[in-house]
Amino acid sequence: MARIEFTRLAHSYQPRSKSGASAGAPASYALQPMDQIWEDGGAYALLGPSGCGKTTLLNIMSGLLRPSEGKVAFNSIDVTAQSTEQRNIAQVFQFPVIYDTMTVFDNLAFPLRNRRVAEAEVRARVQQVAEMLDLTADLKRRASGLAADAKQKISLGRGLVRKDVAAILFDEPLTVIDPHLKWTLRRKLKQIHQEFKLTLIYVTHDQTEALTFADRVNVMYEGRIVQAGTPQELFEDPAHVFVGHFIGSPGMNLLPCRVDGSSALVDGHAIALAPDRAARARGAAGELQLGIRPEFVALSAAARPGAIAATVRAIEDLGNRKIVTVGFGDRLLKVRIDEDDTVAKGPAWISFPEQWTRLYANGSAV
Amino acid sequence: MNKTFNNKAWFLVIPVFLCVAFSAIVPLMTVINYSVQDVLGPEQRVWVGLDWYRKTLTDPELHAAFFRQLEFSLIVLAIEVPLGLGVALTLPTQGWRASLCLVLLALPLLIPWNVVGTIWQIFGRGDIGLGGVLINHLGINYNYTSEAFDAWITVLVMDVWHWTPLVALLAYAGLRAIPDPFYQAAKIDAASRWAVFRYIQLPKLRGVLTIAILLRFMDSFMIYTEPFVLTGGGPGDSTTFLSQFLTTLAVGRFDVGPAAAFSLIYFLIILLFCFVFYTVIQNTGKGDGR
């Protein structure tokens, strides 16, 4: 178990160019320079679209990949140059990796036997892990004949079987698992985490998976961690427009705007802002966008003070809620309302509650 | 129920039927036809029933050729499969070096068989051949035209040179198809190089190795051109393998009847061996172990 620390860590898959000026140009980074700390015993999720650098980050942590810049430290000891084996880390991959010709027992015992653990202890540990993962009945079976979820449990078991692993890393481990089994396995993971207080790092592109698994979710975008926070923080206070539209279904509404006094102007419509936010926005450089979650837009049939005249264009009934598409000017907004609320196509009024209205300059929150 | 009779469908079936008939059934029937008759002349033939089969199966010369053939094939497999696998494991995996190695490796496969025989016939000669002269200079008495052992070695080395690349290329392709996470997981599990080979690479190569073994067995069991050019089956009949024995029988002595009977037996032997090999390899390590 370990506290993992990244110092000025960055990675580029292209060899660094020799000419000093363009050496390590930011565009070629698969992973932008970052400082990051992963506390011992934490459950972290890395959430992001394909190609954002999640797997690169994970492979650097496990030592499968050597970062082109910066340092990795476990418990303040520099391990950048150490191999995966020396770091004593476990990793579970997207597709179940099992040793086909071995039995389930031998599969689970493999990492221990390779490290020359005494056979009696191997037996005890394997039994324990098998019980934890409900694999006891299958121990004597050949691993290749099992279903995908059982195979993935074996992969996971090979990580858990060593007592002293620094961390267990998961690289989208539930991709090939049936939806109804995903819940079971995810709960199992959470349970194991609570019981053994291991450091778990979980990579996924599925926001539900990330939000239910982790205490803290790190959202990655274009090689950077754009926001790290609790699921609630990510939802209520996206620090980046990417977090806004990636998390939530549908994602955050984003409208180009400019700031005038203490309000934002969207196509000439004034929208009131919190005074301090408006002040910060006035000083911010770059393109401004106003962001608000569909859950927080207020929609009413009657005119109210401060509300903007709009038109309801479409209503989608999702069973437990309704998603309303509202047009005002040339802009389209998604609004989420309760299932029991009634709304009709045609004219309506929308307003933007001050405390939920966010502003972004060049993508970052102000 | 009303059935639709659509005779046009025949036009779709006939081409296949004709192809199969002319490429397989007609020649096979001709052979079967010969195998049960004694052909005395173009217009003279006598029905002999299964006599030729009986005679063939009890022919001591043929027995000798059969065991010689079997020995040859097994030695060839025992050398080429591990060697090819070893070569595949040591080849570079990417970059121009990989391409270069693959091209060099494939070269022997592109040379016509009689040319291979000629190359080795000259290479092994004690008076002018590079290999033959060199070995004799080392003080080893080597002459493949008079010593049965030398002839055997030469034929074996020639076959290994010619066909190991095939095994290597197949195994190489199989190795490239193993996804990276298997190797990464092995690193994480602290597996030794041997364990990686034994528990990841070898099981994943089962399919291609089966094909390699079958192909090499069939081909080596039917080998004809190369030893014919190299040694002509000699000295004596020490390198006379089944195909050559058959040719001598059918063309040399014009014993069409026994040759036909022998062809069919030959065919059945190869079929049987391949079936046994395939079944054994497919079932190895497939048991549930419960």
Side-chain angles (χ1 to χ4, degrees), chain A residues 55 58-59 61-65 83-117 137-146 151 154-159 161-162 165-169 171-173, chain B residues 81-82 85 88-89 92-99 170-171 173-213 277-290:
Chain A
T55 300
L58 212 60
N59 287 346
M61 201 179 277
S62 62
L64 291 171
L65 197 64
S83 70
T84 310
E85 200 185 323
Q86 290 167 315
R87 290 185 195 191
N88 203 6
I89 212 155
Q91 190 167 356
V92 180
F93 298 91
Q94 185 169 4
F95 296 96
V97 174
I98 52 151
Y99 303 101
D100 291 332
T101 51
M102 293 188 201
T103 62
V104 174
F105 183 95
D106 291 336
N107 258 284
L108 292 175
F110 193 60
L112 294 180
R113 286 179 178 159
N114 285 332
R115 289 178 171 80
R116 314 215 178 284
V117 175
D138 293 329
L139 275 181
K140 290 203 176 69
R141 286 186 65 178
R142 194 172 278 279
S144 58
L146 298 173
K151 286 185 183 173
I154 296 173
S155 307
L156 171 61
R158 282 206 317 273
V161 79
R162 279 180 280 149
V165 283
I168 305 183
L169 315 181
D171 192 354
E172 309 197 19
Chain B
V81 173
L85 195 55
L89 284 169
T93 53
Q94 49 191 328
W96 63 270
R97 280 188 198 86
S99 318
L170 282 170
L175 284 173
R176 293 290 80 74
I178 300 174
D180 262 352
F182 279 89
Y183 295 114
Q184 296 176 335
K187 264 192 213 167
I188 284 161
D189 293 339
S192 61
R193 182 72 193 80
W194 165 251
V196 169
F197 174 72
R198 170 68 187 80
Y199 297 114
I200 295 176
Q201 292 173 323
L202 204 55
K204 297 273 172 217
L205 286 180
R206 181 208 299 273
V208 286
L209 284 183
T210 308
I211 291 172
I213 290 175
F277 260 123
Y278 185 80
T279 317
V280 168
I281 295 172
Q282 283 304 299
N283 289 336
T284 320
K286 272 274 172 78
D288 205 2
R290 267 206 266 206

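These numbers come from the heavy atoms of this one structure, side chains and all, not from hydrogens, waters or symmetry mates. Each chain gets a letter, A, B and so on, in the order the sequences are listed, and its residues count up from 1. Just so it is clear, the model here is predicted, and its values are computed rather than measured.
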Testing the basics here: between A:Phe110 and B:Ala195, what is the closest heavy-atom pair and its distance to 0.1 Å? CZ-CB, 3.9 Å
More than 12 heavy atoms of other groups within 6.0 Å of B:Tyr278 OH: no
For B:Ile188 against A:Ile89, the heavy-atom pair lying closest together: CG2-O, 3.2 Å
Could you check A:Arg158, A:Gln91, A:Arg115 and say which one makes a side chain to side chain donor-acceptor pair (under 3.5 Å) with B:Asp189? A:Arg158
Rounded to the nearest 0.5 Å, the NZ atom of B:Lys187 sits from the CZ atom of A:Arg87 at a distance of 11.0 Å
With heavy-atom distances below 4.5 Å as the criterion, would you say the side chains of B:Tyr199 and A:Asp106 are in contact? no
Does B:Gln184 form a side chain to side chain contact (heavy atoms under 4.5 Å, CB included) with A:Val97? I'd like the steps, not just the answer. CA-CA 10 Å; B:Gln184 296 176 335; A:Val97 174; over 6 Å; no
Looking at every heavy atom in both A:Tyr99 and B:Ala186, which two are closest together, and how far apart are they? OH-CA, 3.5 Å
To the nearest 0.5 angstrom, please state how far the CD1 atom of A:Ile98 sits from the CD1 atom of B:Ile200. 11.0 Å
Evaluate whether atom CZ of B:Arg193 has more than 12 neighbouring non-hydrogen atoms of other residues, nucleotides or ligands under 6.0 angstrom away. yes
